[in-house]
There are 4 protein chains.
Amino acid sequence: MRFSINPSSVEPVYAQIARQAREAVARGTLRPGDQLPTVRELALELVINPNTIAAAYREMERAGLVRTLRGRGTFIAVIQAPASPAERRRQLQKHVEALLTEATHLGLSEEEILDAVRTVARKYRLREEKNDE
Amino acid sequence: MRFSINPSSVEPVYAQIARQAREAVARGTLRPGDQLPTVRELALELVINPNTIAAAYREMERAGLVRTLRGRGTFIAVIQAPASPAERRRQLQKHVEALLTEATHLGLSEEEILDAVRTVARKYRLREEKNDE
Amino acid sequence: MRFSINPSSVEPVYAQIARQAREAVARGTLRPGDQLPTVRELALELVINPNTIAAAYREMERAGLVRTLRGRGTFIAVIQAPASPAERRRQLQKHVEALLTEATHLGLSEEEILDAVRTVARKYRLREEKNDE
Amino acid sequence: MRFSINPSSVEPVYAQIARQAREAVARGTLRPGDQLPTVRELALELVINPNTIAAAYREMERAGLVRTLRGRGTFIAVIQAPASPAERRRQLQKHVEALLTEATHLGLSEEEILDAVRTVARKYRLREEKNDE
DNA sequence: GTGGTCTAGACCACA
DNA sequence: GTGGTCTAGACCACA
């Protein structure tokens, strides 16, 4: 996958990398077992301080997105066990609230938001059926 | 409105305050013209240094969320002109992508997300009708 | 003359009033001997704290623009003696530099600035002939 | 570039620094990509609290004059897109009016002002040709 | 009484 | 090493 970094964004560079990897996994561009470039390779490619790449990989490891095997490299982890249904619902609500706050300030309607969700959802590897809880 | 601060969050205190005010405006808890507590009042209430409150208000001013009238106080601004339709669409897409990335990692389905948007939307002051562009 | 106040400008209200009076004198809208409204009258008209109007009048008095006669009112002063030729040149240069800094950041050309000066100059009561020094 | 601070001016120290940087960019003394001294360096040089320098840099960032790269430093930004032609004209007129107000009070003639503009303009990086609008 | 400015100094996130 | 955050506290401009 290709990372694209904006060094003057308010989002820290290491967080941009971790977020983009997380997005790529959600879209299926990166799949469990895929190997990420080494810290040095990616540092050279993106012309970024290796410390920053290392911080990004540390963040992804912490989030359970990747597994680093010493001497072997860094690999996308198998899908992590989702949280409890209650926790999952709490998380979803939090993220939906963030979206609706921004959409309200942009002066958008509920219908426009739902349309955007439906359109963009095609690019993501969402669960096919409802969870039974 | 009530602000609630988590001093051990990674999110800076001043940013927590600004975000909560932004959310309150989106929900209609704060409306244009409403006066925010004075810097000193809020500092006393939250047991936080007045400089930190002032930084929060400065940030909101920069974002166009409030107007500061010297010697008078800080007030919620009238709704700022939204960006161009193209920019608005770009912003919406960005926020929807963030939601879908998280929802995918939580193992949720499109229907569950749409349901959550519909339910939570009731708490927000979204535009009633579609924008004509 | 009519003052128009923007309470949310970065320019303090008292300074807006003093500046507008200064402009009116430069354009001939106000002339030496003209009486200004009383502090109370102007405070009522502009819906502004009388302390603020008093500060504006104090500022104009300090700049030699008006004379306050106790019990009589506030009047536009006769044209103040201009500074020495050297000081006058220094002042002019300072104000021209301020204009050129802004014009450069706006991406304007020398010709556009000169045109604007010629056009706008008609509204001002500039000296007719060159000073002989 | 050299900053020179007058601590007893009515203009806040942080604003003096921001203004001088803005002037230096207009004259070409500072160019896009140039790095400003670090907050600590400039604080030592000017014998001013680092927080005050940081406030100056924050203000320049807000105005789009510089870009701050976390952990790297502060750099002059590429020239910001100027406002719309109409807005540009409005701004120019405002600044020309300010100049003419002062020049009138100094008892100067139109010819003297135009001469000063022509002379001082050489020091600025004004656009070479008229804008076509 | 309101927010704005500035100092002094500790500690942290980031590259 | 770079800027960012936060506290504590003095003093000032403005309304």
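If you're wondering where the values come from, they're calculated on a predicted model, not measured in any experiment. Computed from heavy atoms alone, side chains included, the values below leave out hydrogens, waters and symmetry copies. A, B, ... follow the sequence lines: proteins, then strands. Residue 1 opens every chain.
- Within the 4.5 Å cutoff, side-chain heavy atoms of L36(A) are placed close to those of M60(A).
- A donor-acceptor contact shorter than 3.5 Å links the side chain of Q35(C) to the backbone of R72(C).
- Residues D34(A) and T29(A) share a closest heavy-atom pair of OD2-O, 4.1 Å.
- Of all the residues in residues 12-25 of chain D, P12(D), V13(D), Y14(D) reach under 4.0 Å from DNA chain E with at least one non-hydrogen atom.
- With sequence neighbours excluded, no residue forms a salt bridge (Lys or Arg N to Asp or Glu O under 4.0 Å) with E61(C).
- Proximity of L65(C) to H105(D): side-chain heavy atoms (C-beta onward) are separated by under 4.5 Å at one or more points.
- Each of E11(A) and Q35(B) was assigned the nucleotide of DNA chain E with the nearest heavy atom; the assignment lying further toward the 5' end belongs to Q35(B).
- Considering only residues two or more places apart in sequence or on other chains, E102(C) meets the side-chain hydrogen bond (donor to acceptor under 3.5 Å, both in side chains) condition with R22(D).
- For E59(B) (side chain) and A15(B) (main-chain N/O), no donor-acceptor pair under 3.5 Å exists by modelled atom type.
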As a check on the pairing definition, encode DNA chain E in dot-bracket form, counting Watson-Crick and G-U wobble pairs whose two distances are under 3.5 Å, and using | for partners outside this strand.
||||||||||||||.
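- The stretch residues 36-65 of chain C does not touch DNA chain E, since none of its heavy atoms comes less than 4.0 Å from the strand.
- Between the side chains of S8(B) and N6(B), at least one donor N or O sits under 3.5 Å from an acceptor N or O.
- By the 4.0 Å N-to-carboxylate-O rule, E97(B) lies too far from K94(B) to be salt-bridged with it.
- Of all the heavy atoms in F3(D) and Q20(D), the pair that sits closest is CA-OE1, 3.3 Å.
- Defined by atom type and a distance below 3.5 Å, a donor-acceptor pair is present between the side-chain atoms of Q91(A) and E87(A).
- Along DNA chain F, read 5' to 3', the first and last nucleotides having any atom under 4.0 Å from a heavy atom of chain B are dT5(F) to dA15(F).
- A salt bridge does not link E23(D) with R27(D): none of the charged nitrogens is closer than 4.0 Å to a carboxylate oxygen.
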